[in-house]
Amino acid sequence: MFDIDSLNPQQRAAVQTTEGPVLILAGAGTGKTRVITCRIAQLMARGVAPENILGVTFTNKAAREMMERVREMMPPAVAKSKGPDGKPRRPILCTFHSLCVRLLRQHIHKLGYKAEFVIYDEGEQVGVVRKILSQFSGLQGVDAREILSSLSRMKNAAWKDGVFEEEDPVKTRILARYEKSLRACNAVDFDDLILLVLRLFREHPESLEQCRERFRYIMVDEYQDTNAAQFSLVHHLAGAHRNLCVVGDDDQSIYGWRGAEIGNLLNLEDHFPEVKVVKLEQNYRSTSVILEAANAVIERNARRRPKKLWSANGRGGLISLYTFQDDAEEARVVVEEIEFNRMAGKAAWRDHAILFRTNAQSRPLETALRKSGVRYHLVGGQSFFDRREIRDFLAYLKMLLNPHDDNSLLRIANVPPRGLSETTMEKLLGLSQERQASVYSVMRHTDIGEHFSARAVESMREFVNFVERARAHVSGGAGDCATSAKPGSLEDWALGFLDEVGYWAEIRKMEKTAEAGENRIRNIRDLAAGLKGDSGGPGAAKSLEEFLSDVVLDGERETEKETAQDAVTLITMHSCKGLEFPHVFVVGVEDGLLPHTNSKVSGNLDEERRLFYVAMTRAMKTLSISHCGGRMKYGSITPCHPSPFLQELPETLLQDGSERSKKPVSAGQGKSLFDSIRNSIG
């Protein structure tokens, strides 16, 4: 159980207000996760059934952290109780997408899909778009990822009435073919997960009523990051009982470029006039100097809910402001400062983070870190799930779950080689598009011999037989793949299956060294261990459906493993929200980078200022900010000017970072320091 007296007065008010709509304005570092978990524990202590509580957030990491804390706080009697299915009774704490997967697994048949639908990740979606573009004359060289982004915007803009409107008729045709391609494979993408649930609620009100009856108390974290579809989903679910608690901070709304609507938080009273607003302003992360500077910057935004962070952590040191000649000098000095902290202050590498506006800024920093032998972790590098062997393994599992998934089947049909050449597969794909059927259906059709050589037909028949045998083994002989096996056996079967088809041998043959091949095999084994389930014990085996859904929805675990080691973190400002570090370097605070040129053109300076605010409030003990006179671009130095946001920092809170002595800026020094910035800005 939790101790209510350990909360500050504002936190206590947020926890104890359990009925009706509540808005918890949680500033950076104010302990919102603790408040959310304590509030869930309070609900259960007051007799609310765990299964009637829904908590929604944006990352699986946050959901897992909340669940771990909630388990520790559950009343003993509730913790020991079990539901009708024999499983422990627990609240549902998950992401928006995970919630929608749960709902669709139960109800998607009402929309004409099969329950064992597959979820296409970004790479698979791009693959579908590329195939479609190849069918349009003059579009073969178009960037498939840009088209996919356009399709996503079109779908999300049209979810209310189901009509796709786009000035470009070609994009409308591409979208129609894209939707058909996914539907033919019984596949959905990330946008569909939410949009199909909204369609379900619109077309089948009884499903909505079931969900409302189940989720009587709803909490939504990071509410300022919700888009229009997520907003509608939440309001559908909470529309009857109105026990909705949203937690967020408009000052940290930095994802407008991907559809987040800050108005969802700012205008909540328009939908819930009776909402109670509780402000969390005591910051437990940073020093007073850092918070005073951050407050001074964010107060320049007119459209916000007023709040002012404060801290009892002490005043702390002044913020170091650096002016560098170029980005090479910036990188060198930042690395020197990190090493100085490590040697003199005994601060580990992991205590340091370097924040930048764009990924391109990481190159000189990585060069300087490597030259000095400093271990670092670049957030946003190649994902574990983008590795070839992982994609192959997942494609095999997806194909066995759903052989009509063209993307997965085409990836592994000839891996290892089994007589199905690229020419054969391209011809099969063409026939499947003509007949509006899956490639697998074409392979099985009785007239296949009319279109291919006898050798190719024999290879296809052997492949179809191979798929059917494998599916029969996994399903235990059921006619359609039941996607589960005896407890504890699915992992062993999956690994044995890869050995049987010759995939291990294929990996070893393709790699130049035995060590490289074994590393790839080890990666697959590490992932396959997830088939055991969370506990890994007897009876905890996951079905293929659960396993593949978890993999697609959760690409964060590898990042967590890598950041656990002692290494400096290199990360963009957009990726750093929710994190904290004792020592933070915000580099490249220059006009054109922060605020970014694109944001200046679109008139979105408020969001850029919020981004600077988020970056500053990641710092716990020390904060360093730098700008350069020039940056290397296309082989030559391009002149740079300081960001206008630097003028918004109070001079009394700054010191000249170039002075190793770290003496406070005197009146004269401060004037010259800011005069140089103002002169550079013009």
**Asked** Cation-pi between Arg610 and Tyr613: NZ/CZ under 6.0 Å from ring centre and within 45° of the ring axis?
**Response**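 Here Arg610 fails the 6.0 Å and 45° test against Tyr613.
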Nearest 0.5 Å please: distance from the [atom1] atom of [X] over to the [atom2] atom of [Y].
| X | Y | atom1 | atom2 | answer |
| --- | --- | --- | --- | --- |
| Ile147 | Ser152 | CD1 | OG | 12.5 Å |
| Ser624 | Leu318 | OG | CG | 11.5 Å |
| Thr367 | Lys371 | OG1 | NZ | 9.5 Å |

**Message:** Can a side-chain donor-acceptor contact be found between Asn523 and Glu389 if the only test is distance below 3.5 angstrom?
**Reply:**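 Result is yes, a qualifying pair exists.
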**Asked** What is the ring orientation for His583 with His352, classed by angle as parallel under 30°, tilted 30 to 60°, or perpendicular over 60°?
**Response**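 Because their plane-to-plane angle is under 30°, the rings of His583 and His352 count as parallel.
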**Message:** Angle between ring planes, Trp257 versus Tyr255, binned at 30° and 60°: parallel, tilted or perpendicular?
**Reply:**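 Perpendicular: the ring planes of Trp257 and Tyr255 meet at over 60°.
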**Prompt:** Is a side-chain N or O of Asn295 found less than 3.5 angstrom from the main chain of Leu291, in a donor-acceptor match?
**Reply:** yes
**Asked** Taking the side chain from Thr597 and the backbone from Leu593, do they hold a donor-acceptor pair closer than 3.5 Å?
**Response**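 A pair under 3.5 Å: no.
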**Request:** Using the side-chain contact (heavy atoms from CB on, under 4.5 Å) rule, take Phe96 and Val220 through it: C-alpha gap first, then chi angles, then the decisive distance, then the call.
**Result:** CA-CA 9 Å; Phe96 276 101; Val220 183; 3.9 Å; yes
Less than 4.0 Å between a side-chain N and a carboxylate O, is that true for [Y] and [X]?
| X | Y | value |
| --- | --- | --- |
| Asp189 | Lys155 | yes |
| Glu299 | Arg609 | no |
| Arg332 | Glu336 | yes |
| Arg522 | Glu518 | no |
| Arg631 | Asp326 | no |

**Message:** Would Val128 and Asn407 count as a side-chain contact (heavy atoms from CB on, under 4.5 Å) here? Give the steps.
**Reply:** CA-CA 7 Å; Val128 173; Asn407 260 15; 3.7 Å; yes
**Request:** Before giving the answer on side-chain contact (heavy atoms from CB on, under 4.5 Å), spell out for Glu146 and Ser149 the whole-Å C-alpha distance, their side-chain angles and the decisive distance to 0.1 Å.
**Result:** CA-CA 5 Å; Glu146 288 187 9; Ser149 296; 5.6 Å; no
**Prompt:** Going through the checks in order, is the side-chain contact (heavy atoms from CB on, under 4.5 Å) test met by Gln282 and Gln10?
**Reply:** CA-CA 9 Å; Gln282 182 176 357; Gln10 291 72 34; 5.5 Å; no
**Prompt:** In a check of side chain to side chain donor-acceptor pair (under 3.5 Å) between Asp249 and each of Lys279, Lys307, Arg305, Lys577, which one passes?
**Reply:**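 Answer after filtering Lys279, Lys307, Arg305, Lys577: Lys307.
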